[in-house]
Amino acid sequence: MNADLLVVGSGFFGLTIAERAANELGLNVQVIERRHHIGGNAYSENEAETGIEVHRYGAHLFHTSNESVWEYVNRFTRFTDYVHRVYADYNGEVYPLPINLGTINQFFRAAHGPAAARALVQELAAEGATGDPQNLEEKAISLIGRPLYEAFIRDYTAKQWQTDPTDLPAEVISRLPVRYTYDNRYFNDAHEGLPVDGYTAWLERMADNPRIDVTLETDFFDASQPWNKAATVGSIPIIYTGPIDRYFDYSEGELAWRTLDFEEEVLQVGDFQGTSVMNYANRDVPYTRIHEFRHFHPERDWYPKDKTVIMREFSRFATRADEPYYPVNTAQDRERLLAYRELQKGEAKVLFGGRLGTYQYLDMHMAIGAALSAFQNKVAPMFGAGA
Ligand code: FDA
């Protein structure tokens with residue numbers, strides 16, 4: 001194909017730009033993707049033995065309050081009325097999360113109303129506060145008090161970061177939301193749901209245009225393939241959604257990420273835990289949470305009644321060979337990112353986007369929203385279309 005635009009990476013950021021450029025501007029778009037499948041980290045597939053849809057890179061729940069993103073995504077998929085809820089196993093007892101009136105009353109064996117519960121948490125927070133919090137533990141205690149911190153935050157955070165919270169900077173958390181109602185909806189957004197026929201069908205529909213050519217298993221840095229960096233930079237506009245440090249050959253140092261390991265298992269029971277996500281708050285359980293995928297789609301009556309798929313999630317620091325999932329974002333990382341942003345200015349025809357290209361955690365609606373703005377304000381003007 002004779003392409004007008006090269007998109008590196010077929011996640012939501014890259015596909016949104018590709019879709020807009022092809023449909024809105026009539027451009028020929030070449031998408032290259034390193035992996036064997038489309039869709040980036042939102043990719044899902046049906047587990048072979050059970051047919052249950054599994055999110056390959058961790059559970060993905062769609063939610064947004066951005067009306068233009070909601071209108072846009074509904075062009076490609078319908079959504080179920082799934083509402084996400086999370087529970088936590090602490091000392092062998094199950095509590096609702098985020099911390100709410102139900103959690104507080106169960107934990108303190110009480111029947112407080114909202115005002116009494118708020119007063120209790122404020123009193124506990126004031127009791128534990130140390131003035132200027134020096135680490136994550138002190139910060140968390142100053143927000144919700146020691147008992148709730150020790151039960152629901154301390155060990156879970158230690159497992160997520162492989163670091164004791166007293167050794168983590170206070171700024172890792174800015175707030176710890178506590179709800180003084182029994183509402184345990186995980187997200188507060190106006191719209192929430194899961195794609196009716198799965199993420200991959202949605203992602204494939206975005207690329208379903210004869211002007212869009214998606215080439216899989218093609219790495220931008222592999223000089224033997226035709227759409228490689230040396231052959232394309234400067235000669236064709238590029239949307240780059242891979243890691244920003246990799247683009248510049250790590251010249252300013254590597255940016256640190258956390259990764260996840262997933263342990264998937266098919267169990268010969270119809271229902272393992274009765275809900276989609278169970279967090280494990282104690283340190284002696286090595287995983288942070290278990291996902292049970294059948295519960296994301298209770299409407300799918302074709303799922304087997306005698307089998308289920310679960311996935312245990314383990315968290316650790318990433319090496320260069322691992323999938324980067326969550327930016328660590330230390331002061332050193334932020335410094336390096338600024339240096340990369342300076343270098344970026346020299347790449348006039350390359351637009352860096354998405355979570356890897358900007359080194360930030362983005363929910364799906366944020367990646368799509370950022371791509372819609374980038375298309376409008378940067379990509380369309382490159383081709384002489386209005387900003
Ligand atoms: P994404 O990573 O999806 O795509 C980038 C693509 O570029 C990848 O496919 C990669 O292979 C490709 N690429 C990289 N380098 C390349 C190269 N050199 N050559 C060719 N291709 C290359 N969001 C949400 O809204 N709800 C949720 O519940 C969750 N859950 C969740 C769980 C976990 C564990 C994580 C890590 C993330 C989430 N997310 C989420 C966030 C969601 O995954 C995120 O918003 C999207 O992946 C962002 O899409 P991008 O296109 O930016 O990146």
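We count ligands from 1, going down the list as the structure has it; atoms in each ligand are counted the same way. For the single chain, residues carry numbers from 1 onward in sequence order.
- Looking at ligand 1, you won't find any N or O of L260 less than 3.5 Å from one of its N or O atoms.
- Between R320 and E254 there is a salt bridge, since a side-chain N of the basic residue sits under 4.0 Å from a carboxylate O of the acidic one.
- Between G58 and ligand 1, no N or O atom pair is found at a separation short of 3.5 Å.
- Protein heavy atom at the shortest distance from atom 45 (O) of ligand 1 is L362 O, 2.5 Å.
- In terms of polar-atom proximity, defined here as any N/O pair under 3.5 Å, A59 does make such a contact with ligand 1.
- Inter-residue side-chain proximity for V7 and Y240 is flagged as unmet; no heavy-atom pair is nearer than 4.5 Å.
- Taking any N or O of Y57, backbone or side chain, none lies under 3.5 Å from an N or O belonging to ligand 1.
- Looking only at heavy atoms of the protein, atom 2 (O) of ligand 1 is closest to R355 NE, 2.8 Å.
- Distances between N or O atoms of D363 and those of ligand 1 include at least one value under 3.5 Å.
- Residue-to-ligand polar distances keep P243 apart from ligand 1: every N/O pair is separated by 3.5 Å or more.
- With hydrogens left out, the protein atom closest to atom 3 (O) of ligand 1 is N41 N, 2.9 Å, a heavy atom.
- Taking atom 7 (O) of ligand 1 as the reference point, the nearest protein heavy-atom neighbour is G9 CA, 3.2 Å.
- Taking a cut-off of under 4.0 Å to the non-hydrogen atoms of D219, the atoms of ligand 1 that pass are 17 (C), 18 (N), 19 (N).
- Closest protein heavy atom to atom 4 (O) of ligand 1: G11 CA, 3.4 Å.
- Closest protein heavy atom to atom 9 (O) of ligand 1: E33 OE1, 2.7 Å.
- Looking at heavy atoms from C-beta onward, V309 lies in side-chain contact with V54 at the 4.5 angstrom threshold.
- The protein heavy atom nearest to atom 19 (N) of ligand 1 is F220 N, 3.1 Å.
- For the pair T308 and G270, the tightest heavy-atom approach, listed with the atom from each and the gap, is CB-O, 4.0 Å.
- When F13, Y361, Y326, Y325 are checked for heavy-atom proximity to atom 33 (C) of ligand 1, Y326 turns out nearest.
- Of the candidates V277, T241, D222, T241 brings a heavy atom nearest to atom 5 (C) of ligand 1.
- A salt bridge is absent between E137 and R154; no separation between the charged side-chain nitrogens and carboxylate oxygens falls under 4.0 Å.
- For V86 against N279, the heavy-atom pair with the smallest separation is CG1-OD1, 3.7 Å.
- Listed by number with element, the atoms of ligand 1 under 4.0 angstrom from any heavy atom of G354 are 52 (O).
- With no hydrogens or angles considered, no side-chain donor-acceptor pair links N135 and T166 at under 3.5 Å.
- A donor-acceptor pair under 3.5 Å is absent between the side-chain atoms of D261 and the main chain of F314, judged by distance alone.
- Residue contacts with ligand 1 include F12, since one of its heavy atoms falls under 4.0 Å from the ligand.
- Considering backbone and side-chain N/O atoms, G242 never comes within less than 3.5 Å of an N/O atom of ligand 1.
- For the residue pair N282 / N91, a side-chain donor-acceptor distance below 3.5 Å is found, with atom types taken as modelled.
- Under the ring pair (Phe, Tyr, Trp, His ring centres under 6.0 Å) test applied with Y287, the options Y280, F262, Y156 reduce to a single match, Y280.
- When only interatomic distances are considered, the shortest N/O to N/O separation between R34 and ligand 1 falls below 3.5 Å.
- In this structure, atom 27 (C) of ligand 1 lies nearest to the protein heavy atom L61 N, 3.3 Å.
- Among the atoms of H60, some N or O lies under 3.5 angstrom from an N or O of ligand 1.
- Close approach of ligand 1 to G40 is summarised as follows: ligand atoms under 4.0 Å from at least one heavy atom of the residue are 3 (O), 4 (O), 8 (C), 9 (O).
- Residue T218 has at least one heavy-atom neighbour below 4.0 Å for each of these atoms of ligand 1: 19 (N), 20 (C).
- Of the residues Y82, Y303, F79, F62, the one that meets the ring pair (Phe, Tyr, Trp, His ring centres under 6.0 Å) test with F296 is Y82.
- Put simply, the side chain of Y361 does not reach to within 4.5 Å of the side chain of Y325, judged on heavy atoms.
- Side chain of D183 to main chain of T181: no donor-acceptor pair is present (N/O by atom type, distance under 3.5 Å, no hydrogens or angles).
- Heavy-atom contacts of F221 reach the following atoms of ligand 1: 18 (N) (cutoff under 4.0 Å).
- In this structure a side-chain-to-backbone donor-acceptor pair under 3.5 Å is present from E292 to Q273.
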